[in-house]
There are 2 protein chains.
Amino acid sequence: MTQKRRRGTELEEAIYQATREILDKEGLPALTFPKVAEMAETSKPVIYRRWHSPFALAIAAIQDKIKLENNGRTDEIKFTGNSLRDDLLQVMQRFIVSMNTFGKSYMSVFFSGMSEQENEAMQKMIMESARIDVSAIDRVLERAQKRNELSVINVTNDLKLLPFEWLRYHLFLNKKVDNKKLTMLVDDVLIPSYQHVFQNRLK
Amino acid sequence: MTQKRRRGTELEEAIYQATREILDKEGLPALTFPKVAEMAETSKPVIYRRWHSPFALAIAAIQDKIKLENNGRTDEIKFTGNSLRDDLLQVMQRFIVSMNTFGKSYMSVFFSGMSEQENEAMQKMIMESARIDVSAIDRVLERAQKRNELSVINVTNDLKLLPFEWLRYHLFLNKKVDNKKLTMLVDDVLIPSYQHVFQNRLK
DNA sequence: CTTAATAAGAAACCAATAGTATCTTATACG
DNA sequence: CGTATAAGATACTATTGGTTTCTTATTAAG
């Protein structure tokens, strides 16, 4: 009855896909090895040999997806705007898109019981994405400076990260972020804030 | 061997306490009825009769805690500050305290697989806390207006909620919010933003 | 081409435990 | 004091997560 056997990368890819499907549809609590094996049309031992917990598998599956869809990174945007405002909107829009490729479902993974090293892996992923976000804002601010809109060398990292964190909060909670919210963020929060820091710099 | 039997509220309180203890120490995945029964020193049927899932029990236990510790609500603050800045800092500090009484552990509950009605209950809790947060900011802005600092009738709800959401994001992710971050939020973000909306109103 | 090493998959098995049913008896209330 | 109600003990069942063993397809080496 056993005709073909997948191995190596091909097999693992099928397992990752099954993992993500379960994660999307039912969340982490429902992610068990037997279920993954069935959905990936392989056998339990294959899974058990490779990962030592459903959580570890979940992380691996997510990282695999990140590797696959390496697009949408906010630090690789080709800016088309002619103002600080345009650039900021562009970054934020792009950010929302790239966040949506991971569903909120993956977020459950973040907040579940994690072991020490699992938590560490998680923290690393978060740190990495923070680095990317900051560099995107840096590029935007540089462009603004070249346009002589403002000079904001002393914007803190915390401030740079704020818009991303606010957006992530909404995506976590599955709250819609429409254009109205986004322009509010850019026009009423970010730009006034940058300008304020700029003014202060001059004083 | 059975001497005394607790009933009604007394019994339920013990169950809630046990539930919270497990939630704190091991998270939602570890919350099972048998374990709760053992920890609360009662029997499984007692639990099974009352709740139909560990998740439902978790929600009930959290709501019970909210009811018990009805203090720390940001809308009941007795303001002592003499400026918009002072008031804002006070609200945010209070908010952090009240959020900390719930650990991040509770957050895992929010993000786990929820049924329809469970999700509804959750949304209601979030909406309620949003209402409270908005009313706190409203009071602060009113006071600012009376002081003739600024008039900001047309601040949107989204903008009013932003600081709370940002803080919650950090508390979710177990990130420290020190005084430096807090003053950054108030001085470099909120006040400039309110002032900007104020200016715009005048134009 | 043959053969040996490797790893996938099938299947049976074990152990833990979530959930249920039954029965006894403490407690509350009329 | 008697009856209804609900707590708690206990035993049982059924599910299922995890393990072990063995067969065999696949790959790589000789």
*May I have the step-by-step check of salt bridge (Lys or Arg N to Asp or Glu O under 4.0 Å) for A:E142 and A:R139, ending in yes or no?*
CA-CA 5 Å; A:E142 256 172 58; A:R139 287 180 56 212; over 6 Å; no
*Should the heavy atoms of other residues, nucleotides or ligands under 6.0 Å from CG of B:D178 be counted, would the total exceed 12?*
yes
*Taking the side chain from A:R143 and the backbone from A:D87, do they hold a donor-acceptor pair closer than 3.5 Å?*
no
*Residues in contact with DNA chain D, drawn from residues 30-41 of chain B - heavy-atom cutoff 4.0 Å*: none
Would you be so kind as to tabulate the donor-acceptor pairs closer than 3.5 Å made by side chains of residues 181-190 of chain A, with sequence neighbours excluded?
{"residue": "A:T183", "atom": "OG1", "partner": "A:N179", "partner atom": "O", "Å": "3.1"}
{"residue": "A:T183", "atom": "OG1", "partner": "A:K180", "partner atom": "O", "Å": "2.9"}
{"residue": "A:D187", "atom": "OD1", "partner": "A:R85", "partner atom": "NE", "Å": "2.7"}
{"residue": "A:D187", "atom": "OD2", "partner": "A:R85", "partner atom": "NE", "Å": "3.2"}
{"residue": "A:D187", "atom": "OD2", "partner": "A:R85", "partner atom": "NH2", "Å": "3.0"}

*B:F55 CZ to C:dA18 C1': how many Å, rounded?*
19 Å
*For the pair made of CD in A:E10 and C1' in D:dT26, what is the distance, rounded to whole Å?*
12 Å
*Return the angle between end axes of the helix from C:dC1-D:dG30 to C:dG30-D:dC1, with five pairs used per end and rounding to 10°.*
20°
*Check whether any side-chain heavy atom of A:E21 sits under 4.5 Å from a side-chain heavy atom of A:D24, and report yes or no.*
no
_So if I take every side-chain heavy atom of B:V46 and compare against C:dA18, D:dG8, C:dG9, which nucleotide ends up nearest?_
D:dG8
Considering only distance and modelled atom types, tabulate donor-acceptor pairs under 3.5 Å from the side chains of residues 27-39 of chain B, sequence neighbours left out.
{"residue": "B:T32", "atom": "OG1", "partner": "B:K35", "partner atom": "N", "Å": "3.4"}
{"residue": "B:K35", "atom": "NZ", "partner": "B:E26", "partner atom": "OE1", "Å": "3.4"}
{"residue": "B:K35", "atom": "NZ", "partner": "B:A30", "partner atom": "O", "Å": "3.4"}

*Which distance, rounded to the nearest 0.5 Å, do you find between the CG of A:L141 and the CZ of A:F198?*
12.0 Å
_Measure CG/B:L57 against C1'/C:dA18 and give the value in whole Å, please._
15 Å
*Between A:P54 and B:P45, which has a closest nucleotide on DNA chain D that is more 5'?*
B:P45
*asked:* If we ignore hydrogens and angles and just use 3.5 Å, is the side chain of A:E149 paired with the main-chain N or O of A:S83 as donor and acceptor?
replied: no
Protein-nucleotides 27-30 of chain C N/O pairs closer than 3.5 Å?
{"residue": "C:dT27", "atom": "OP1", "partner": "B:Q3", "partner atom": "O", "Å": "3.4"}
{"residue": "C:dT27", "atom": "OP1", "partner": "B:R5", "partner atom": "N", "Å": "3.1"}

*Determine, step by step, whether B:R168 and B:E165 satisfy the salt bridge (Lys or Arg N to Asp or Glu O under 4.0 Å) criterion, reporting the C-alpha distance in whole Å, the side-chain angles of both residues, the deciding distance to 0.1 Å, and the verdict.*
CA-CA 5 Å; B:R168 236 181 248 127; B:E165 294 168 339; 5.6 Å; no
*Picking from C:dT20, D:dG8, D:dG18, which would you name as closest to the side chain of B:K44?*
C:dT20
*Take B:R49 and A:S43, find for each the nucleotide of DNA chain C with the closest heavy atom, and name the residue whose nucleotide sits nearer the 5' end.*
A:S43
*Locate the shortest heavy-atom distance separating B:A61 from B:R20; write the atom from each residue and the value.*
O-NE, 3.1 Å
*Please give, in whole Å, the distance from C:dT6 P to A:L11 CG?*
18 Å
*Would you indicate, yes or no, if C:dA8 has its OP1 or OP2 atom less than 4.0 angstrom from a side-chain nitrogen or oxygen of A:T42?*
no
_Rounded interatomic separation in angstrom, taking OH from B:Y48 and C1' from D:dA9_ = 16 Å
*Write out all pairs satisfying ring pair (Phe, Tyr, Trp, His ring centres under 6.0 Å) with one or both partners inside residues 6-30 of chain A, taking only residues at least two apart or from two chains.*
A:Y16-A:W51
_Distance check needed: D:dT19 P versus A:H52 NE2, whole Å only._
12 Å
